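Remarks on the structure that follows.
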There are 2 protein chains.
Amino acid sequence: MAASLDTVFSALADPTRRAILAMLLEDDMAVTDVAEPFEMSLAAISKHLTVLTGAGLISQERRGRVKWCKLEPDALREASVWMQGFGMMNGLDLDAFERFLDAELADPSLLEEKE
Amino acid sequence: MAASLDTVFSALADPTRRAILAMLLEDDMAVTDVAEPFEMSLAAISKHLTVLTGAGLISQERRGRVKWCKLEPDALREASVWMQGFGMMNGLDLDAFERFLDAELADPSLLEEKE
DNA sequence: CGCATATTCAACCAACTGGTTGACATTCCT
DNA sequence: AGGAATGTCAACCAGTTGGTTGAATATGCG
């Protein structure tokens, strides 16, 4: 999916879609299950998922009746790079950040407690 | 400015507004000068600047006839933290990451080296 | 087959967006 | 004072967005 900054940021601008992404962070989900906690129609959620797919933020794979939604975090990287590139991480100790990342990634116990 | 993720992301979703932010990265600018490189009316740019201000991404200060626009990179921090939770920080301890960010950004010695 | 499940499609609607133009208010300059 | 420069405001317009409902399309199950 060719996901421009336009489509990525505009997909992220909606709270429902951000909530969906947060849900998918925990696990892949079927469309119906994604829709369950929201107080809106399934069709509306289906549209939101189309937007997220268009932005490359998720991918959808049909297996039988069920369409599974999967987070595609790579799509956020471009947007993240854009933000950092123009200085938003100003003053941040990137070396410390790298060390922090390494520490996190090295400790397998932390990886399990995804909420 | 109370800038929600909604307003920040939706402000960033427009290429004209992102271009404006990139311009302001180099220096503070007057509204007319911001508008100059774009092929649209001054009023349209004025509206874009209002959106950016509403998102807290810039601030505007009137001095005489001229209204100066200034980048406010702090507004991106909240959005960035949110985004980082998905990409590189996938599966990590997000609370620890937030604490890390807070600690980094709270240290005034680091904040001075803004360019 | 016949029915329930899962998901999308199509038409519709109100609200918002991003642009236009022309008029207006300030401020600076001479 | 008069005129140019700087911005904003108001009205308007076309296109998009985010939601609805009802019908349609597959797929799985007994």
Side-chain angles (χ1 to χ4, degrees), chain A residues 1-24 27-71 79, chain B residues 1-24 27-72:
Chain A
M1 288 292 144
S4 66
L5 285 176
D6 282 31
T7 57
V8 170
F9 280 131
S10 125
L12 294 179
D14 185 276
T16 301
R17 286 192 291 262
R18 287 198 307 276
I20 291 174
L21 291 177
M23 290 165 60
L24 291 177
D27 217 343
D28 298 358
M29 296 178 79
V31 173
T32 303
D33 295 330
V34 169
E36 195 270 334
F38 297 98
E39 286 181 345
M40 70 180 69
S41 70
L42 184 61
I45 296 293
S46 179
K47 280 193 190 178
H48 279 305
L49 292 172
T50 300
V51 173
L52 289 171
T53 302
L57 290 165
I58 67 168
S59 60
Q60 290 180 286
E61 183 200 356
R62 178 141 234 147
R63 227 147 45 212
R65 270 195 296 201
V66 175
K67 203 166 188 178
W68 292 92
C69 305
K70 182 173 175 301
L71 193 65
Chain B
M1 286 295 143
S4 64
L5 284 177
D6 283 31
T7 57
V8 170
F9 280 131
S10 123
L12 294 178
D14 185 275
T16 301
R17 287 193 289 264
R18 287 198 307 277
I20 291 174
L21 291 178
M23 291 166 59
L24 291 178
D27 217 342
D28 298 358
M29 296 178 79
V31 173
T32 303
D33 295 329
V34 168
E36 196 270 333
F38 297 99
E39 287 180 342
M40 70 180 68
S41 70
L42 183 61
I45 296 294
S46 179
K47 280 193 191 179
H48 280 304
L49 291 172
T50 301
V51 172
L52 288 171
T53 303
L57 290 165
I58 68 169
S59 60
Q60 291 180 286
E61 183 200 356
R62 177 143 234 143
R63 231 153 35 217
R65 255 191 311 197
V66 175
K67 202 166 188 179
W68 293 93
C69 305
K70 181 174 174 301
L71 195 64
E72 294 289 345

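Keep in mind the model is a prediction, meaning the values are calculated, not measured.
Between B/Leu5 atom CG and A/Asp14 atom CG the span is 12.0 Å, to the nearest 0.5 Å. With rounding to the nearest 0.5 Å, the separation of CG in A/Leu52 from OG1 in A/Thr7 is 10.5 Å.
Residue-to-nucleotide proximity on DNA chain D shows that, of A/Arg17 and B/Val66, the 5′-proximal contact is made by B/Val66. Between A/Ser41 and B/Asp33, it is B/Asp33 whose nearest contact on DNA chain D lies nearer the 5' terminus.
Minimum heavy-atom separation, A/Leu24 to A/Cys69: CD2-O, 3.5 Å. In terms of heavy-atom proximity, A/Arg18 sits nearest to B/Asp6 at NH2-OD1, 2.6 Å. When all heavy atoms of B/Ala13 and A/Phe9 are compared, the closest pair comes out as CA-CB, 3.6 Å.
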> Just by protein heavy atoms under 4.0 Å, how would nucleotides 25-30 of chain C read 5' to 3' in B, S and -?
Replying inline: --BS--
So which protein N/O to nucleotides 12-14 of chain C N/O distances come out below 3.5 Å?
none

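With a cutoff of under 4.0 Å to any heavy atom of chain A, the contacted region of DNA chain D is bounded 5' to 3' by D/dG18 to D/dG28.
Counting any heavy atom pair closer than 4.0 Å across all strands shown, A/Ala43 reaches a base atom. As judged by a 4.0 angstrom heavy-atom cut-off over every strand, B/Thr32 is placed among residues touching the sugar-phosphate backbone only.
Straight-line distance from the CG atom of B/Leu42 to the P atom of C/dG18: 17 Å, rounded to whole Å. C/dT17 atom P lies 18 Å from atom CZ of A/Phe9, rounded to whole Å. Counting to the nearest Å, the C1' atom of C/dT7 and the CD atom of A/Glu36 are 17 Å from each other.
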Taking only distance into account, with no hydrogens and no angle test, what donor-acceptor pairs under 3.5 Å do side-chain atoms of residues 32-51 of chain B form with protein atoms, sequence neighbours excluded?
| unit_1 | atom_1 | unit_2 | atom_2 | d |
| --- | --- | --- | --- | --- |
| B/Ser41 | OG | B/Ala44 | N | 3.1 |
| B/His48 | ND1 | B/Arg17 | NH1 | 3.1 |
| B/Thr50 | OG1 | B/Ser46 | O | 3.0 |

Can you give the donor-acceptor pairs under 3.5 Å from side chains of residues 54-63 of chain B to other protein atoms, not counting sequence neighbours?
| unit_1 | atom_1 | unit_2 | atom_2 | d |
| --- | --- | --- | --- | --- |
| B/Ser59 | OG | B/Glu72 | OE2 | 2.9 |
| B/Gln60 | OE1 | B/Thr53 | OG1 | 3.1 |
| B/Glu61 | OE1 | B/Arg63 | NH1 | 3.1 |
| B/Arg62 | NH2 | B/Arg65 | O | 3.2 |

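Axis deviation across the helix from C/dC1-D/dG30 to C/dT30-D/dA1 amounts to 20°, comparing end segments of five pairs, rounded to 10 degrees.
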